[in-house]
Amino acid sequence: MNHICFDTTKIDKIQELLERGVMVYPYTFERKDTVEEIKDRFSGIGHEKSEEEVSIAGRIYIVRQHGKTIFADLGDSSGRVQLYLRKNDLGEEQFDLFRQYVDAGDIIGVVGHVFRTKMGEITVWVDRFELLTKSVCPLPEKFHGLKNVETRYRQRYLDLIMNEESRETFRTRSRIISLLRQFLFERDYLEFETPTLQPIYGGANARPFTTYHNALDQKLYLRIAPELYLKRLVVGGFDKVFEIAKNFRNEDIDTNHNPEFSMVEIYEAYRDYNDMMDLTEELFSLLVEKVHGKTTCSFAGHDLDFARPWRRLSMEEAVQEYAGIDIRTHSVEELRTFGLEHCVEGCESATTRGEYLALFFEHFGEKELIQPTFIYDFPIENSPLAKKHREKDGLTERFELFIAGMEMANGFSELNDPLDQKARLELQDAKRRRGDLEAQMIDYDFINALGYGMPPTGGVGIGIDRLVMLLTGKDSIKEVLLFPQMKTIVPGPNGSETGESGGDE
RNA sequence: GGGCCUGUAGCUUAGUCGGCAGAGCGACGGACUCUUAAUCCGUAGGCCAAGGGUUCAAAUCCCUUCAGGCCCGCCA
């Protein structure tokens, strides 16, 4: 929206109301009930008005005028209820005030009694009403409502006013995050907040956003992950920590990606990746159970079953199963030939068995993993923060959780050997200098922290937005983000005015 | 970054064999004391996303741009 949507006839009405001495934007209203409460409390009511008086407040959605009576639908955050107003009861002045000046979109408070109409609908018979907020923007059409996807994302408030389904999605989102916190608090994890503005970004492979602090005269990055700071807390002696963090990654936007996204990262000392898989499984099962009331849910046409235990498959086993090749019994040259035969992306530049393992898994395995499945033991090449496998050479103790073909969680036995970590980050840094835009920077303070000693630690990160998608059945991340990133509409001829170029580099 | 699709009144949309831009709801005026997408009568409201081209004539055909959706690539 790049223009004001004020309706002049509504603004004229405000002027007339003020001239009549009516407060258009008063300060309070003594609301005693909600729509939901009234519908519950009076579910058995008949055609006779209740003895009890009720007062509710909310937005008017539809007005149906009938000469000397008016029906209207009022909605608050708990639901909608019908209002019934009669000229006889309100008196000429109040009745005309409503008839002439109260429109769909306005917010009013009413006091009255409850009854059931001939058509059987629980209704509030209004004794008096008060205009609480005059709306000056026209509401979308009453029957079709607001369908336009772009408008729903750009003017989310309007989407929430008009679409109960959307409101329900975000209610569920709030509840999921609340349940997540509750789950972790019950297990004695401490919640912390670590820097969003970081001088050195790390903890993931991604391109960062860059910003600048004037007083420090210094370049800063928006974090791509909270990982390195949370591990510093484990070094410092907090054994069980988590953070619900907004991360920022400077990459494309699509149905699964928004430049800023929420993630929970959890770390626990004296635990390894097996324990973190258990924790993840427990958390997801609980959430599905709480949100759906059962251990199954459907998503993108799949019936997903979260009953424990979930399938766990090493990456080598997964490649064996889905690609039909045993990585361990083939030479790198044979793997290369196999990869090229099957048009596996990235094979041209792969040089190690570990790289082929990862490539084959991504090509053959990932999208096949519909039911909740843990894939574990990742090659060391693309896992610079995970501890070397205790038995298997060339692999790390890392796992990812896949559901409906989506990567939902990523965890490992955290690398706590400072010499190994230093070497691996130096390797990342070298890659970055050679032009790999997503390779990690080297954070010497983090390496020093490990140098003081981090206990054996298990960690896991879970993408909250995707989790919400899964639990609300939405197949676009924009449907579960209140304000998804959208390109700013630039006004002006041809829409191509180069007003300001965003971002610095 | 590549492909496909979409953009018409405040909202939901018809019109895309080129020939005056239509409807429903909403708004405005009027009738109506149990309606619920109320009903009935009347009025106003459009740079057909923006720009350019072809044509006697463009919402419609062509090109460019903008915005969005879906799919693919990369990532979570």
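Order of the sequence lines sets the chain letters (A, B, ...), proteins ahead of strands, with each chain counted from 1.
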Check your understanding: Under 6.0 Å between the ring centres of Phe364(A) and His342(A)?
Key -> yes
Which protein N or O atoms sit under 3.5 Å from an N or O of nucleotides 21-23 of chain B?
none

Exercise for review: State which residues pass side-chain contact (heavy atoms from CB on, under 4.5 Å) with Arg207(A); sequence neighbours excluded, sorted by chain then number.
Suggested key: Asn250(A), Leu437(A), Glu438(A)
Practice item. Return the value, rounded to whole Å, for the distance between atom CE of Met406(A) and atom P of C71(B). Key: 12 Å
Practice item. List in chain and number order the residues that pass side-chain contact (heavy atoms from CB on, under 4.5 Å) with Ala57(A), two or more places apart in sequence or in another chain; answer none if no residue qualifies. Key: Phe29(A), Arg31(A), Leu132(A)
Study note, to complete from the structure: Across all chains, not counting sequence neighbours, the side-chain contact (heavy atoms from CB on, under 4.5 Å) partners of Leu427(A) are none
Check your understanding: What residues, two or more places apart in sequence or in another chain, satisfy salt bridge (Lys or Arg N to Asp or Glu O under 4.0 Å) together with Arg433(A)?
Key -> Asp429(A)
Check your understanding: Which value, in whole Å, describes the distance between the P atoms of nucleotides G19(B) and C32(B)?
Key -> 46 Å
Exercise for review: With sequence neighbours left out, write down each residue that passes side-chain hydrogen bond (donor to acceptor under 3.5 Å, both in side chains) with Glu53(A), or none if nothing qualifies.
Suggested key: none
Practice item. Please state the C1' separation for the pair G53(B) and U12(B) - nearest whole angstrom. Key: 33 Å
Check your understanding: So do the side chains of Ile176(A) and Val291(A) get within less than 4.5 Å of each other, counting heavy atoms only?
Key -> yes
Review point. Are OP1 or OP2 of A67(B) and a side-chain N or O of Lys487(A) less than 4.0 angstrom apart?
Key: yes
Revision key, fill the gap. Separation of C71(B) atom C1' from Asp252(A) atom CG, nearest Å, is 14 Å
Exercise for review: With heavy atoms under 4.0 Å as the rule, sort Asp465(A) into base, sugar-phosphate or nothing.
Suggested key: nothing
**Study point:** Whole-angstrom distance between G7(B) and A49(B), as gauged at atom P
**Key:** 8 Å
Review point. Which nucleotide, U12(B), U33(B), G73(B), lies nearest any side-chain atom of Asn148(A)?
Key: U12(B)
Review point. So which of residues 95-103 of chain A are in contact with RNA chain B, with a heavy-atom cut-off of under 4.0 Å?
Key: none
Practice item. Name all residues meeting the side-chain contact (heavy atoms from CB on, under 4.5 Å) criterion together with Ala439(A); count only those two or more places apart in sequence or in a different chain, and write none if there are none. Key: Gln428(A), Lys431(A), Arg432(A), Asp436(A)
Enumerate donor-acceptor pairs with a distance under 3.5 Å from any side-chain N or O in residues 397-409 of chain A to protein atoms, sequence neighbours excluded.
from, atom 1, to, atom 2, distance (Å)
Glu397(A), OE1, Arg390(A), NH2, 2.8
Glu397(A), OE1, Ser413(A), OG, 2.7
Glu397(A), OE2, Arg390(A), N, 3.2
Glu397(A), OE2, Arg390(A), NE, 2.5
Glu397(A), OE2, Arg390(A), NH2, 3.4
Arg398(A), NE, Asn410(A), OD1, 3.1
Arg398(A), NH1, Asn382(A), O, 2.9
Arg398(A), NH1, Ser383(A), OG, 2.9
Arg398(A), NH2, Glu400(A), OE2, 3.0

Review point. When all nucleic acid strands are considered with a 4.0 Å heavy-atom cut-off, which category describes Gly461(A): base, sugar-phosphate, or nothing?
Key: nothing
Exercise for review: Rounded to whole angstrom, note down the P distance from U65(B) over to U16(B).
Suggested key: 27 Å
Point to revise | Salt bridge Arg167(A)-Asp159(A), side-chain N to carboxylate O under 4.0 Å | key: no
Check your understanding: Within less than 4.0 Å of OP1 or OP2 of C71(B), is there a side-chain N or O belonging to Thr255(A)?
Key -> yes
Review point. What does nucleotides 34-47 of chain B look like as a protein-contact string, B for base, S for sugar-phosphate only, - for none, at under 4.0 angstrom between heavy atoms?
Key: BBBBB---------
Point to revise | His47(A) ring center near Phe115(A) ring center (under 6.0 Å) | key: no
Practice item. Determine, for Lys134(A) against Asp106(A), whether the closest basic-nitrogen to carboxylate-oxygen distance falls under 4.0 angstrom. Key: yes
Practice item. Using the P atom as the reference point in each nucleotide, state the distance between G24(B) and A44(B) in Å, no decimals. Key: 14 Å
Review point. What distance, rounded to whole Å, do you find between the two P atoms, one in C48(B) and one in C34(B)?
Key: 45 Å
Practice item. Sort and list the pairs that fulfil side-chain hydrogen bond (donor to acceptor under 3.5 Å, both in side chains) and have at least one residue in residues 111-120 of chain A, not counting sequence neighbours. Key: His113(A)-Asp127(A)
Check your understanding: Considering only heavy atoms, which members of residues 8-19 of chain A lie under 4.0 Å from some atom of RNA chain B?
Key -> Thr9(A), Lys13(A)
Exercise for review: Could you state the atom-to-atom distance from OH of Tyr61(A) to C1' of C11(B) in whole Å?
Suggested key: 15 Å
